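Working notes for the structure below.
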Amino acid sequence: MSEARSKKIADEVAKRRTFAIISHPDAGKTTITEKVLLHGQQIQKAGTVKGKKSGQHAKSDWMEMEQERGISVTTSVMQFPYRDRLVNLLDTPGHEDFSEDTYRTLTAVDSCLMVIDGAKGVEDRTIKLMEVTRLRDTPIITFMNKLDRDIRDPLELLDEVEDVLKIMCAPITWPIGSGKNFKGVYHLLNDETVLYKTGQGHRIQEVDVIKGLDNPELDERLGVWAEELREQIELVKGASNEFDKELFLAGELTPVYFGTALGNFGVDHMLDGLVDWAPQPQPRETNEGELVSADNSDFSGFIFKIQANMDPRHRDRVAFLRIVSGKYEKGMKMRQVRTGKDVRISDALTFLAGDREHVEEAYPGDIIGLHNHGTIQIGDTFTANADFKFSGIPNFAPELFRRIRLKDPLKQKQLLKGLVQLSEEGAVQVFRPLISNDLIVGAVGVLQFDVVVHRLRTEYKVDAMYENINVATARWVTGDERKVDEFRRKAEANLALDGGDNLSYIAPTMVNLSLAQERYPDITFSHTREH
Ligand code: GDP
């Protein structure tokens, strides 16, 4: 490996920031995505990400059903330049039914932006998502949104984040008023006041800045609000944490920004924080416990997401690969570690603000799309020619179950094939009881059931329907081979194989599960399964 090549990779790694947005539905994730892209100057007119209100078809919409319901089912990837950096934003599905996809997407980023509705504060889904980011201590940047509306007391908002989410807050900007009286923000680190203008949501604003807190211009421009700001800032400096980069990188402290995504105000402050402080592409762990770092010059990456029919014109499935190390070059050979096969990849896709383009080269932190004809699974590792696998991409035990039945019984084989493929994508899970010919579909959210029937019809040409079934939960079971064999004999009526032939326990009630766990202490019942 030449020195020049290693240096090139290290330079490209240093430029990159890969992040996702976590928030409760309606907090403003889509709006802030639009503004972020506007700052990345990839789309001239903000407003093309989600078309549910304008009636346009959004770039990330991919299924008729999604459009009908106005829900963003997909995880798309957007790459854009900001200052001298290259930013990858991984969109996570907004609807809570698709949380499993969201969880896996969070394994592919190095930092997260948490968007909170300033009028509402910390909401449930944010709490859940923060739990997931904790698994890897992902650094979090916070944006308090909707300052153009009356929000709650900002200090109280910070307290709530600290109490409920157990992360220290370091305000970087501080708001001056809110709602009709929203005047702008004071930037604590730059010691400057940035004034807010309404009606500027669709463009990059010329910033109106007043340097220094004691500047008399502040009194001229803000009137009584100037004195109030000075008092508040004194209070805030006494009552809150200072920004500390190490604590931020450890996931223990979050820089907090205030603004309005709709008014495109404050989004640039947040982006500046992101490119200055958020980590460059980070190492990932293998199942042997070793870390593969981004400046390792041999190519490696893992699949965190598979998606079908992203674009009706390309009836294909795309596997999303996060590059961990080395460099992707068009036409290169990669090893798919699970199958041991070496494949030549000459048509990987990149995602420049939603448009699919063929990539010539890509670097750690980037996401590339591989065309998948059913051979790639979530969690697959690709390498230059090594045989390690990345760990940590979970499947979650489903919480909802239905029996699936064919309208035309002759198509059983296609049904099974479709279900197994959909479960490989992680869209849903399928269980085949050991003692019957039933097919049980398990999902984390109820909307997934509809997606499955829709896709079975359009992609596999089978008409299926659901029946209720008395299943409360499922667990993957593992243990010593002899013990598992014995368990298999004794508990056969409750056992099934999942899409990947892993043994699972299907419990009619939670009490039944507890009893089984007590009765078979040598068996491990897992709520998650790693691919
Ligand atoms: P998502 O569900 O998190 O993607 O939220 P959206 O971006 O779709 O926003 C939900 C609603 O809040 C939409 O009606 C937005 O127009 C509105 N919204 C988003 N940001 C702001 C903001 O800064 N101020 C106001 N007033 N409304 C906003």
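All figures in this text were calculated on a predicted structure; none of them were measured in a lab. Residues take their numbers from the sequence shown, with the count starting at 1. FYI, side chains are in, hydrogens and waters are out, and symmetry mates aren't considered; it's all heavy atoms of this structure. As the structure lists them, so they are numbered: ligands from 1, and atoms in each ligand from 1.
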Handout entry: Nearest-0.5 Å distance, CE of residue M270 to CE of residue M144
Key =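 Here the interatomic distance stands at 13.5 Å.
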
Exercise for the section: Could you see which bit of D148 sits under 4.0 Å from ligand 1, with heavy atoms only: side chain, backbone, both or neither? Expected result: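 The answer is the side chain of D148.
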
Practice task
Report the part of N145 in contact with ligand 1, treating N, CA, C, O as backbone and CB onward as side chain, heavy atoms under 4.0 Å; options are side chain, backbone, both, neither.
Solution key: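 The part of N145 near ligand 1 is the side chain, not the backbone.
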
Practice task
May I have all residue pairs that pass side-chain hydrogen bond (donor to acceptor under 3.5 Å, both in side chains) and include part of residues 164-183, sequence neighbours excluded?
Solution key: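 The answer is W174-Q232.
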
Could you list the atoms of ligand 1 found under 4.0 angstrom from a heavy atom of [X]?
X	value
D26	1 (P), 2 (O), 3 (O), 5 (O), 10 (C), 12 (O)
T260	22 (C), 23 (O), 24 (N)
T31	6 (P), 7 (O), 9 (O), 15 (C), 19 (C)

Problem - Side chains of R152 and E160 in contact at under 4.5 Å (non-hydrogen atoms) - result: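 In short, these two side chains touch, coming nearer than 4.5 Å.
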
For ligand 1, which is the ligand I care about here, please tell me if [X] has any N or O atom under 3.5 Å from one of the ligand's N or O atoms.
X	result
P25	no
L147	no
G28	yes

Practice task
Would you check whether A27 reaches within less than 4.0 Å of ligand 1, judged by its heavy atoms?
Solution key: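 Yes; A27 lies near enough to ligand 1 that a heavy-atom distance drops under 4.0 Å.
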
Handout entry: Aromatic ring proximity, centroids under 6.0 angstrom, F182 and F265
Key =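 Here the rings of F182 and F265 have centres that are less than 6.0 Å from each other.
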
Handout entry: T193 (side chain) donor-acceptor with Y186 (main chain) under 3.5 angstrom
Key =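 Checking the backbone N and O of Y186 against the side chain of T193, no donor-acceptor pair under 3.5 Å is found.
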
Practice task
Check for a donor-acceptor pair, side chain of T18 on one end and backbone N or O of G365 on the other, with a separation under 3.5 Å.
Solution key: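 It does hold such a pair.
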
Practice task
Report the member of K29, K35, K146, E34 with the shortest heavy-atom distance to atom 28 (C) of ligand 1.
Solution key: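 Of the listed residues, K146 has the closest heavy atom.
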
Problem - Qualifying salt bridge (charged side-chain N to carboxylate O under 4.0 Å, His left out) pairs, either residue in residues 267-279, two or more places apart - result: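 Qualifying pairs: R83-D272, R83-D276.
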
